[in-house]
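Reading through the structure tokens given below for one structure.
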Amino acid sequence: MDTREARKAIFLDAAADAGVEALRGTAVYAAVNMAQISKSVAAAVISAAFRIVDEAKKYRSRDITGTECAEAVADICLSAMTGVVCAELARKRIKNPTLAPILGSAAGVFLYELSKLPVKLAVDALPGANPTTV
């Protein structure tokens, strides 16, 4: 691939990503203003929906199995829920309305990621379980 083709590919990828992010931002804005839900909840739900669509595309193109897709969707939902709960708790404790949900969500997702491996190992150790790779 020559330089011109490489630049064109990079530009097209960037334009597609910008379009997806514009759609995501518009959806969050609409959810916050029309449904009257908090920004952290709206952002988590919309982001989770986009991530679930990506997993569905992988499943449809047969890049992953149905079980892998279901596990990925469950992981996305649990991660989003943990982030939202911690963001809302942080809003109650931290007086900065911009910083609180960011810190709370980051802390929640971090804690979720830390706890994910031991839980997966415990589930795989159950009788009759099919151990999977992490």
Side-chain angles (χ1 to χ4, degrees):
M1 181 181 327
D2 69 356
T3 307
R4 185 175 192 159
E5 289 177 9
R7 282 187 290 204
K8 183 178 177 182
I10 291 169
F11 176 78
L12 291 175
D13 284 345
D17 289 345
V20 168
E21 291 306 316
L23 181 62
R24 185 187 318 241
T26 302
V28 170
Y29 179 81
V32 168
N33 291 309
M34 292 179 188
Q36 299 296 314
I37 59 177
S38 75
K39 292 175 194 163
S40 57
V41 172
V45 169
I46 300 299
S47 293
F50 274 78
R51 290 173 58 200
I52 290 169
V53 167
D54 288 341
E55 292 301 320
K57 286 179 186 175
K58 289 179 194 173
Y59 174 67
R60 190 169 184 190
S61 66
R62 302 194 190 284
D63 291 338
I64 59 174
T65 66
T67 303
E68 291 170 331
C69 183
E71 287 176 352
V73 168
D75 183 58
I76 290 166
C77 292
L78 287 170
S79 176
M81 180 194 66
T82 306
V84 167
V85 167
C86 290
E88 293 300 313
L89 288 172
R91 274 184 11 155
K92 303 286 187 218
R93 292 287 189 193
I94 301 172
K95 299 304 178 204
N96 185 324
T98 304
L99 195 57
I102 294 170
L103 291 175
S105 179
V109 172
F110 178 73
L111 291 174
Y112 172 71
E113 291 297 323
L114 281 178
S115 67
K116 190 166 56 171
L117 181 61
V119 169
K120 180 126 181 82
L121 292 174
V123 168
D124 287 346
L126 293 172
N130 285 334
T132 57
T133 60
V134 177

A90 versus G104, closest heavy-atom pair with distance: CB-CA, 3.6 Å
Over all atoms of both residues, closest heavy-atom pair of P101 and T98: CD-O, 3.6 Å
From E21 atom CD to L23 atom CG, the distance as rounded to the nearest 0.5 Å: 9.5 Å
Pairwise salt bridge (charged side-chain N to carboxylate O under 4.0 Å, His left out) hits with a residue in residues 35-56, at least two apart: E55-K58
Considering all heavy atoms, the nearest A31-I37 contact: O-CG1, 3.7 Å
Rounded distance (nearest 0.5 Å) linking atom OG of S40 with atom CD1 of I102: 10.5 Å
Shared hydrophobic cluster, V45 / V32 (ILVMFWY, side-chain heavy atoms < 4.5 Å): no
Pairs satisfying side chain to side chain donor-acceptor pair (under 3.5 Å), at least one member in residues 102-112, at least two apart: D75-Y112
F50 atom CZ, neighbour heavy-atom count above 12 within 6.0 Å: yes
Stepwise side chain to side chain contact (heavy atoms under 4.5 Å, CB included) check, K57 with R60: CA-CA 5 Å; K57 286 179 186 175; R60 190 169 184 190; 5.7 Å; no
Separation of E71 CD from T65 OG1 (nearest 0.5 Å): 7.5 Å
For G108 against C86, the heavy-atom pair lying closest together: CA-SG, 3.4 Å
Nearest heavy-atom neighbours spanning I52 and C77: CD1-SG, 4.0 Å
Nearest-0.5 Å distance, OG1 of residue T82 to CG of residue L111: 8.5 Å
Min side-chain heavy-atom separation R4-R7 under 4.5 Å: yes
Validation row: V84, S38 side chains within 4.5 angstrom (heavy atoms): no
CG on L89 to CG on L103, rounded to 0.5 Å: 13.5 Å
Residue pairs passing the salt bridge (charged side-chain N to carboxylate O under 4.0 Å, His left out) test where at least one lies in residues 89-108, sequence neighbours excluded: E88-R91
